[in-house]
Amino acid sequence: KQKLTNTRLLMALGGIVFLLIGFLVYRYYQNQKLAISKIRQKISQDLHDDIGASLSSLQIYGAIAEQTMAKEPQKAIEMVQKISSQSKEIMENMNDIVWSMKNNSTSNTSLEVKIKNYAASLLQDSNIKFTYDIMGNADEAITGITARRNVLLIAKEAMNNIAKYSRAKNAKLQLRVAEKELFLIIEDDGIGFDNQMAKIGNGLENMEQRTIELNGDFSLESKKGNGTTVKAIFPLHSIH
């Protein structure tokens, strides 16, 4: 009887362990599904906000071009040029979204290559010497879909501001891992500006929000005549 009781007890314990393992596996996959659902929702929102707004602009530019073609041909030409520029931006945004959804093992283009290609096309006519210090482990550390896209867009926005406003001769981008954090630093030796007088714009608010979305810290340091430094620091656990 004692052996029978022990056997039943072991079977009961085994059943409880089995059910517990099954429950944990179920919760794990439910959490994975929830995470994927949130990512899909975020991508959908990005498409709606970014691409949707751009498509609306294209429709407006096209309508203006059609209305002014006969009486104001120069204005119509300007609208067509805007359509061309906006179309290029839409294609680039779509390309970034698709790229961010691929991991490092399936993507043919690394974050480093994306950044360098963008800088090359952006700064080629600006006479700005742009240098890079991108550690290989930094690129490999950024595996999350949101993290890949946000880090890329912060870098692109900062480089875009340098090309448009800085009047710099030199600029540098650093991407490195140190003490369980990822550091993205973009600096230039341009004219700078007064932080207190700077208007919210030029993508600064977007860069800060993208950093906060990854539980990071964003800072911008600038003084008139002493260049500008953009810094975004992310905990590694937030970019996986």
Here the pair of heavy atoms bringing Ser222 nearest to Gly192 is OG-CA, 3.3 Å
Heavy-atom check, side chain of Leu204 versus side chain of Asn161, under 4.5 Å: yes
Return the CD to CZ distance between Gln209 and Phe218, rounded to the nearest 0.5 Å. 10.5 Å
Salt bridge (Lys or Arg N to Asp or Glu O under 4.0 Å) partners for Lys114, two or more places apart: Asp96
Thr229 and Leu220, any side-chain heavy atoms less than 4.5 Å apart: no
Could you tell me which residues satisfy side-chain contact (heavy atoms from CB on, under 4.5 Å) with Asn215, sequence neighbours excluded, listed by chain and number? Pro235, Ser238
Quick one: does any side-chain atom of Asn170 pair with a main-chain N or O of Phe130 as donor and acceptor, under 3.5 Å? no
Is any side-chain heavy atom of Met159 closer than 4.5 Å to one of Ile115? yes
Note: Met207 and Ala158 closest approach over all heavy atoms is SD-N, 3.8 Å
The salt bridge (Lys or Arg N to Asp or Glu O under 4.0 Å) partners of Glu78 (sequence neighbours excluded) come to none
Nearest-0.5 Å distance, CD1 of residue Ile233 to OG1 of residue Thr211: 10.0 Å
Does any part of the side chain of Thr146, heavy atoms only, come nearer than 4.5 Å to the side chain of Glu213, both counted from C-beta? yes
Here the pair of heavy atoms bringing Ile128 nearest to Ala168 is CG1-O, 3.3 Å
Nearest heavy atoms of Pro73 and Ala70, plus distance in Å: CD-O, 4.1 Å
Could you check Ile191 against Lys224 for side chain to side chain contact (heavy atoms under 4.5 Å, CB included), going step by step and ending with a plain yes or no? CA-CA 6 Å; Ile191 59 174; Lys224 287 186 176 180; over 6 Å; no
To the nearest 0.5 Å, atom CD of Glu72 lies from atom CD of Gln67 at 10.0 Å
From the list Val151, Ile142, Asn150, Asp217, side chain to side chain contact (heavy atoms under 4.5 Å, CB included) partner of Phe234 resolves to Val151
Distance, nearest 0.5 Å, that separates CZ of Arg148 from OG1 of Thr143: 8.5 Å
CD1-OG1 distance between Ile77 and Thr68, expressed to the nearest 0.5 angstrom: 9.5 Å
Taking only residues two or more places apart in sequence or in another chain, which ones pass side-chain contact (heavy atoms from CB on, under 4.5 Å) with Asn206? none
Is there a path of hydrophobic side-chain contacts, each under 4.5 Å between heavy atoms of I/L/V/M/F/W/Y residues, joining Ile134 to Ile162? yes
Rounded to the nearest 0.5 Å, what separation is found between the CE atom of Met69 and the NZ atom of Lys75? 13.0 Å
The side-chain contact (heavy atoms from CB on, under 4.5 Å) partners of Lys116 (sequence neighbours excluded) come to Glu112, Tyr132
Donor-acceptor pairs are to be reported for all side-chain atoms of residues 171-187 against protein atoms at under 3.5 Å, with residues two or more places apart or in another chain.
residue : atom : partner : partner atom : Å
Gln174  : NE2  : Glu187  : OE2          : 3.3

Side-chain contact, heavy-atom cut-off 4.5 Å: Glu208 with Ile212? yes
